Amino acid sequence: MTNAVVQVPVPVNEPVRDYAPGSPERSALKTRLVAMLDHVEEIPVVIGGERIFTGEVFESVCPHDHQHVLARVHAAGASDVEKAIDVSRQAWASWSEMHWEDRAAVFLKAAELLAGPWRDTINAATMLDQSKTANQAEIDAACELIDFWRFNVAYLRELYTHQASSLTEEWNRTEYRALEGFVFAVTPFNFTAIQANLPTAPALCGNVALWKPAEQATLGAWYVFQLLEEAGLPPGVINFLPGDGPTIGGVALAHRDLAAVHFTGSTGTFQHIWRTVGENIADYRTYPRVVGETGGKDFVFLHPTADVDAACVALVRGAFEYQGQKCSAASRAYVPRSLWPELQSKLVDRIGLLEQGSPLDFRNFLCAVIDGEAFQRIAGAIERARNDSAVEIVCGGGVDDSKGWFIEPTVLLTSNPRSETMETELFGPVLTVYVYDDEELDATLELCDSTSPYALTGAIFARDRAALAHMATALRHAAGNFYLNDKPTGAVVSRQPFGGARGSGTNDKAGSMFNLVRWVSQRSIKETFVPATDHRYPFMDDE
């Protein structure tokens, strides 16, 4: 194998199962859900393959039924983090030198395990501890993660083929080395695929990682970790460290062997991480790579020629699928006055058809927000909007945390384009609409571009092609993922590589080769076949 220029399986996006009534996949998933609900998982810290039950336990519960405990999670302490760093250093020596084909094989096998025998388990865990519908879990925990693992292998091979040019008397080569040290992967609650990709993309490139999963969604991460073990990931390459962020991060970010941070989460946390890295910069062995995606205040902008029916469906799906807990979720809309009466009527009618409740009932379109803190934050914003004379509640606005953390899909109409819910990321099922005068298109485009500190996703709707081009140019820097006549959510690996700039992160485009560039360190190698034997140059032959 070492003397072969190896091809890899041609990646294709994993087909999304529809779990239609009567289908075998629907029956299998429901069976797995029942079994998982009947069992309380005991989740350990894992360092170098060793299960460590620390005794410092927190519970993972169903957001839609917060009295139901899914798992008891043992939290890592500072000494566990130190141990994980030591173990990862030992694993780095062999893993970083392993032939890339052998590393790739681990993740290709993981993709096939997830596509087959592990699919129901990972999907069911995602549904239960993130309160996702079967459709949303399938798109995320199965298909997107399978795509990450398959396409990243192809991207890695493509990256390795990018080589310097050579002359006849010299041979130039580029080596893509693993980073020296460990990658600290801090992962979010809302996507199992992102949770898994953050430690595994660097690992594929030969790095070792400390994986700190989100406390609210540890169950899905734990099953993914076990899947990786079954796929043959050597002990210590990825160490599993559930627990308190400041405790784990305090040790990891201060360690001289920190080579990189791979993060998805809140803007405040990412800025704290960056600030901490900056304060410690003189103490590190190397300058750490800092890669992060931190959220958005994503827009949908309608031109007067927009298709109202298409825009209505895009707003409903974009704002309320997974309770608006996507960093790409539509949360503000700009609607021309000429279209608002029709759009308002259709929005209210369509939202009235949405069923909300437990993901165990497959008729539900949306479920509960992730925890009590999120519930209070979103409920508080709705209550402030209710008392704001510039805001009208068009529909929704109800909240109920008696059984689960439920927030009704809510549409607000504001006359103040810089009201709280137009500027602040709520991460919940709240869409705020600002109606603009048709002749004020350009001024409103400027308003859209400047209102939010974020620049993650956005969508524009128009039938007029010239209008689409004009709007796209005006909003060029307002979103890293930009959609024409479609909702601003649902990016697919390889087709819409994901990431944004401004306050939304470093725009390193997960789901593309360019993300992998951040996890390698290049070495340029020049070999001269016939070296010079005289120090003199021709220009020195005459005065």
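All values reported here derive from a predicted model rather than from experimental measurement.
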Ion pair [X]/[Y], N-O distance below 4.0 Å:
X	Y	answer
Lys212	Asp244	no
Glu423	Arg418	yes
Glu42	Arg72	yes
Asp298	Arg332	no

Side-chain H-bond candidate by donor/acceptor type, [X] with [Y], under 3.5 Å:
X	Y	answer
Asp508	Thr506	yes
Glu355	Asn364	no
Thr126	Thr192	yes

**Item:** Check: Trp519 ring centre within less than 6.0 Å of His262 ring centre
**Value:**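 Ring centres of His262 and Trp519 closer than 6.0 Å.
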Item to complete: For this output row, return yes or no: ring centroids of Tyr436 and Phe301 closer than 6.0 angstrom.
Response: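 Here the rings of Phe301 and Tyr436 have centres that are less than 6.0 Å from each other.
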query: Can you list every pair that meets ring pair (Phe, Tyr, Trp, His ring centres under 6.0 Å) and has a residue in residues 441-474, with sequence neighbours left out?
result: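 Every pair satisfying ring pair (Phe, Tyr, Trp, His ring centres under 6.0 Å) with a residue in residues 441-474: there are none.
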His303 meets the side chain to side chain contact (heavy atoms under 4.5 Å, CB included) criterion, sequence neighbours left out, with Thr305, Leu441, Ala462, Ala467, Met471
Does Phe240 have any ring-ring contact (aromatic ring centres under 6.0 Å, His included) partners at least two apart in sequence or in another chain, and if so, which?
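Here the qualifying residues are Trp211, Trp222, Phe225.
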- Think Lys30 forms a cation-pi with Tyr19, using NZ or CZ under 6.0 Å from the six-ring centre and within 45 degrees of its axis? no
Paired with Glu293, the side chain to side chain contact (heavy atoms under 4.5 Å, CB included) test is passed by just one of Pro188, Ser328, Cys327, namely Cys327
